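Remarks on the structure that follows.
Just so it is clear, the model here is predicted, and its values are computed rather than measured.
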Amino acid sequence: MAIGVSGAVSLAWAWAGAAAGVPVSFAVSGTAFKVSASRLEGDGFVQYASFDTDQAGKSRPVAVTGIRSAALRDVCQSVVTPTPLGPVTLRVAAGEESPVRIDDLVIDLERMRGEITFRDLELGRDAADSRVRSAAGPPGVYSQQASHLVILGLKQQTSSMTAGMFQLTGMRLSVSLGRHECF
């Protein structure tokens with residue numbers, strides 16, 4: 001259970017503004033990126049199986065994961081892009097002194113690790129009846145939902161993310177030759 005874009009644009013946090021009514025459907029780059037945090041605490045959680053489609057029309061399975069509001073500590077996001085100079089890592093870090101804040105977060109998750117605690121967990125709730133409106137799924141689709149969650153030691157691989165609001169406190173961005181991923 002979990003939470004759950006490539007290139008410079010994606011790592012600059014390509015958020016689509018789901019809460020503001022901006023469409024969140026887009027062709028994914030096909031390059032997964034990594035996100036880690038020492039702690040994520042969130043209210044309103046939904047997760048269900050779906051798929052992403054890239055520009056070439058290739059689809060892959062994902063766990064659509066929505067969190068209505070979240071606070072994260074010690075956030076790192078990284079993506080490695082092949083270039084003529086070799087691999088280049090774009091890396092963003094934030095939330096060391098005060099938490100990163102996110103509203104209406106929607107993640108297309110490929111993999112995740114961490115220690116999770118749920119409050120008011122519901123397994124089998126219809127994804128269309130979502131606690132997170134920006135991440136409602138199609139009717140008749142199985143979902144897992146909770147009123148609250150805490151994840152310690154979060155490590156995830158993701159193909160896309162969107163958010164209505166994303167506040168990066170103490171943000172640092174670096175670009176370097178080689179592979180310097182978050183984990």
Output all residues satisfying side chain to side chain donor-acceptor pair (under 3.5 Å) with S176, sequence neighbours left out; order by chain, then residue number. none
Can you tell me how far CG of D126 sits from OG of S143, rounded to the nearest 0.5 angstrom? 7.0 Å
Do any N or O atoms from the side chain of T169 and from the backbone of S98 form a donor-acceptor pair under 3.5 angstrom? yes
For side-chain hydrogen bond (donor to acceptor under 3.5 Å, both in side chains), just list the numbers for E122 and Q145, CA-CA rounded to whole Å, side-chain angles, deciding distance to a tenth of an Å, and then say yes or no. CA-CA 5 Å; E122 300 172 325; Q145 301 194 34; 5.7 Å; no
NZ (K34) and CD (E110) are apart, to the nearest 0.5 Å, by 11.0 Å
Reported CZ-to-CG distance for the pair R73 and L152, which is rounded to 0.5 angstrom: 13.0 Å
Take L109 and V62 through the side-chain contact (heavy atoms from CB on, under 4.5 Å) test and state the conclusion after the steps. CA-CA 5 Å; L109 181 65; V62 296; 5.9 Å; no
The test is side-chain contact (heavy atoms from CB on, under 4.5 Å); show your working for E96 and R172 and say whether it passes. CA-CA 11 Å; E96 290 178 6; R172 296 179 321 280; 2.9 Å; yes
What's the verdict on side-chain hydrogen bond (donor to acceptor under 3.5 Å, both in side chains) for D108 and S159, showing C-alpha distance, side-chain angles and the deciding distance? CA-CA 6 Å; D108 287 356; S159 58; 4.7 Å; no
F183 CZ: over 12 foreign heavy atoms closer than 6.0 Å: yes
Considering non-hydrogen atoms only, spot the tightest contact between S78 and F33 and give its length. O-CB, 3.3 Å
Approximate separation, where rounding is to 0.5 Å, of C76 SG and H180 NE2: 12.0 Å
Could you tell me which non-hydrogen atom of L72 sits nearest to which non-hydrogen atom of A37, and how far apart they are? CD2-CB, 4.0 Å
Gap separating the NE2 atom of H148 from the CZ atom of R68, nearest 0.5 angstrom: 11.0 Å
Grouping I, L, V, M, F, W and Y whenever their side-chain heavy atoms are under 4.5 Å apart, do V150 and I116 come out in a common cluster? no
Could you pull out the closest heavy-atom pair between E181 and V80, with the gap in Å? CG-CG2, 3.5 Å
Rounded to the nearest 0.5 Å, the CD1 atom of I151 sits from the CZ atom of R39 at a distance of 10.5 Å
Taking all non-hydrogen atoms of both residues into account, name the closest pair between A163 and I102 and its distance. CB-CG2, 3.7 Å
For S69 and D103 the tightest heavy-atom approach is CB-OD1, 3.5 Å
Quick one: are I67 and L40 in side-chain contact, heavy atoms under 4.5 Å? yes
Over 12 non-hydrogen atoms of neighbours within 6.0 angstrom of CZ in R60: yes
A side-chain contact here means heavy atoms from C-beta on lying under 4.5 Å apart; do T31 and T81 qualify? no
Of all heavy-atom pairs linking L154 and Q156, the shortest is CD1-OE1, 3.8 Å
With clusters defined by side-chain heavy atoms of hydrophobic residues (ILVMFWY) lying less than 4.5 Å apart, directly or transitively, does Y48 cluster with F51? no
